[in-house]
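Keep in mind that what you see is a predicted model, and the values were worked out from it rather than measured. Computed from heavy atoms alone, side chains included, the values below leave out hydrogens, waters and symmetry copies. The chain is numbered in sequence order, starting from 1.
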Amino acid sequence: MDQKTPLQTHPEASPKPNKKSFVTTFMEATTLRTPSFKEDTYFVSQLKSSEKKALQELKDKLMGSEASDGSMWGVPLLGNDEKADVILLKFLRARDFRVPDAFAMLLKCLAWRKEFGADGVVEEDLGFKELEGVVAYMHGFDKQGHPVCYNAYGVFKDRDMYERIFGDDEKLKKFLRWRVQVLERGINALHFKPGGINSIIQVTDLKDMPKRELRVASNQILSLFQDNYPEMVARKVFINVPWYFSALYSVFSPFLTQRTKSKFVISKEGNVAETLYKFIRPEDVPVQYGGLSRLSDLQNGPPKPASEFTVKGGEKVNIQIEGIEADATITWDIVVGGWDLEYSAEFVPNAEGSYIIQVDKPRKVMPSEEAIHNSFTPREAGKMVFSVDNSASRRRKVAAYRYIVRKSASI
């Protein structure tokens, strides 16, 4: 039964973003900086003369080879159209426009796709239902429209799960095929068009990832993707990065090109939502990462846009939704990245002398909790007030909410 309390006034906060103080550790620095990476142009008219020459030389080599009728992702490589140019430029850029190297890579990729059956893998039922939406999956788009692929291998810390998926060479081979299937689904959403969306975003969750056990699988996946999917990733976001990753990164960082490093975003544990919100709208971020998107939502068309706000340390924010009529139903989603604060929701009637109805009692929300989804149908007109109380913390947190009000059908 709903609890009722006397009507009180509820000041509405006007949250404004505030700048975080300078940090000195590598982990924090890489979390806060937005990489300078900018996708290369695929307009031939905007290429350097040397790049145009390399593109034509690659076409000539392909024309004189046994692979002259080759195609990738349904695009004939010598189709003399812009889609073919986009694909060929990916191979050239992966080899710094060295035509012989790009041509060799292209031929190997064509041979691999034919042997692997890559063109038909999307339609196969590989039997990994338990991994879908958990280990590797396409989910929504970033703010620029890139499809987003999430990777999380923490479930394999469970030995039984690990043995079931990677127990022998045949199982590993089947898993790699499934992993290619996930990537191919994302690539099918690309435009292969100058000025269009020609790459995906990868988000890799390092939480609880068993490094030693997955070394073989990880190396094979990395090698397979590098050899056969050049320039397909616009940005790589690493989340829930453990403290020791900074030391590892400092070791291999000198061997990476500035171009490659500029694609990396590294976010330590506790900063997941703050990091992802920079690139992906809250309504497209999965609920397990501080967003509002559930897998079931993807079947209902484009998500309803959410409003972002911030909760400063020591601050309480009240969000008021006014104009709710009697017998109308308000449905809402709300989330605060890393929660660890108090949340409540109440309905405030317009009529003087009425009582406030506690819809969601004040409670401490744990850091691991996902977005709250609820609805309420009042018997009289009024407003909803959602409260997030961060008074006990000094840390600024990102947050988002959305709602919809449906009037009674009996009116």
Side-chain angles (χ1 to χ4, degrees), residues 39 70-75 77 83 86-91 93-94 105-106 108-142 144-156 165-166 171-193 196-206 209 214 216-239 260 263-265 279-280 284 286 289 295 298:
E39 286 191 82
S71 65
M72 290 183 181
W73 302 293
V75 179
L77 297 178
K83 287 191 173 183
V86 169
I87 294 174
L88 294 177
L89 282 169
K90 286 181 178 293
F91 282 88
R93 288 194 169 111
M105 183 185 190
L106 181 61
K108 288 181 180 179
C109 181
L110 284 168
W112 172 81
R113 292 188 66 82
K114 182 177 181 180
E115 179 184 358
F116 190 86
D119 289 338
V121 72
V122 170
E123 305 302 325
E124 296 179 12
D125 183 0
L126 298 173
F128 285 107
K129 297 296 182 183
E130 63 183 323
L131 303 186
E132 294 182 4
V134 178
V135 172
Y137 52 100
M138 304 303 305
H139 190 109
F141 303 86
D142 76 349
Q144 281 70 49
H146 300 94
V148 183
C149 180
Y150 291 86
N151 306 275
Y153 297 102
V155 294
F156 296 121
I165 303 300
F166 302 110
K171 290 180 178 179
L172 174 58
K173 186 177 180 180
K174 188 176 181 181
F175 174 82
L176 293 175
R177 189 167 189 82
W178 174 77
R179 189 60 190 82
V180 169
Q181 182 185 68
V182 173
L183 179 58
E184 288 281 336
R185 286 173 179 163
I187 291 176
N188 283 346
L190 302 182
H191 301 159
F192 291 115
K193 181 180 180 181
I197 302 301
N198 300 306
S199 54
I200 69 172
I201 302 296
Q202 276 196 350
V203 178
T204 300
D205 184 357
L206 298 182
M209 180 176 175
L214 289 181
V216 174
S218 299
N219 289 342
Q220 289 194 31
I221 292 172
L222 181 61
S223 177
L224 191 150
F225 286 1
Q226 285 182 338
D227 293 343
N228 301 290
Y229 297 93
E231 299 297 310
M232 286 296 183
V233 179
R235 180 172 282 118
K236 298 181 180 181
V237 184
F238 297 90
I239 59 176
T260 298
K263 295 183 181 183
F264 287 1
V265 179
F279 310 107
I280 307 169
D284 284 315
Y289 295 130
L295 283 175
L298 302 180

State the [atom1]-[atom2] distance between [X] and [Y], to the nearest 0.5 angstrom.
X      : Y      : atom1 : atom2 : value
Leu126 : Leu176 : CG    : CG    : 11.5 Å
Gln181 : Arg185 : CD    : CZ    : 4.0 Å
Ile201 : Lys236 : CD1   : NZ    : 11.5 Å
Ile187 : Asn198 : CD1   : CG    : 11.5 Å
Gln226 : Met105 : CD    : CE    : 8.5 Å
Asp142 : Arg235 : CG    : CZ    : 7.5 Å

Would you check if [X] and [Y] make a side-chain contact, meaning some heavy-atom pair closer than 4.5 Å?
X      : Y      : value
Val148 : Phe279 : no
Val135 : Ile165 : no
Pro147 : Asn188 : no
Met209 : Tyr153 : yes
Arg93  : Pro230 : no
His146 : Ile197 : yes
Leu190 : Met232 : yes

I need the minimum non-hydrogen distance between [X] and [Y], along with the two atoms involved.
X      : Y      : result
Leu88  : Leu77  : CD1-O, 3.7 Å
Gly70  : Leu110 : CA-CD2, 4.4 Å
Asp227 : Cys109 : O-CB, 4.3 Å
Asp284 : Gly140 : OD1-CA, 4.3 Å
Leu295 : Gly133 : CD1-CA, 3.6 Å
Val182 : Ala136 : CG2-O, 3.7 Å

Only one of Arg113, Lys114, Met72 passes side-chain contact (heavy atoms from CB on, under 4.5 Å) with Asp119; say which it is.
Arg113
Compute both the distance and the angle, then confirm whether Lys174 meets the cation-pi test with Phe128: under 6.0 Å from the six-membered ring centre, within 45 degrees of the axis.
yes
Parallel, tilted or perpendicular, as decided by the 30° and 60° cut-offs, for the rings of Trp178 and Phe175
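Plane angle between 30° and 60°, so tilted.
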Determine the interplanar angle of the Phe156 and Phe166 rings, folded into 0 to 90°, and report it as parallel if under 30°, tilted if 30 to 60°, perpendicular if over 60°.
perpendicular
Give a yes or no on this: more than 12 heavy atoms of other residues, nucleotides or ligands lie within 6.0 Å of atom NZ of Lys83.
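Atom NZ in Lys83 is not crowded, with 12 or fewer foreign heavy atoms closer than 6.0 Å.
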Does NZ in Lys171 sit with more than 12 non-hydrogen atoms of other residues, nucleotides or ligands closer than 6.0 Å?
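It does: Lys171 NZ has more than 12 such atoms within range.
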Look at the side chain of Ser223 and the backbone N and O of Asn219, then say whether any donor-acceptor pair between them is shorter than 3.5 Å.
no
Could you go through the side chain to side chain contact (heavy atoms under 4.5 Å, CB included) check for Arg179 and Asn151 one step at a time?
CA-CA 10 Å; Arg179 189 60 190 82; Asn151 306 275; 2.5 Å; yes
As a quick check of understanding, evaluate side chain to side chain contact (heavy atoms under 4.5 Å, CB included) for Phe225 and Val233, giving each step before the final call.
CA-CA 10 Å; Phe225 286 1; Val233 179; over 6 Å; no
Would you please say whether a donor-acceptor pair under 3.5 Å links the side chains of Glu184 and Trp73?
yes
For side chain to side chain contact (heavy atoms under 4.5 Å, CB included), just list the numbers for Val121 and Arg177, CA-CA rounded to whole Å, side-chain angles, deciding distance to a tenth of an Å, and then say yes or no.
CA-CA 8 Å; Val121 72; Arg177 189 167 189 82; 3.8 Å; yes
Is there a side chain to side chain contact (heavy atoms under 4.5 Å, CB included) between Val237 and Ile280 once you walk through the steps?
CA-CA 11 Å; Val237 184; Ile280 307 169; over 6 Å; no
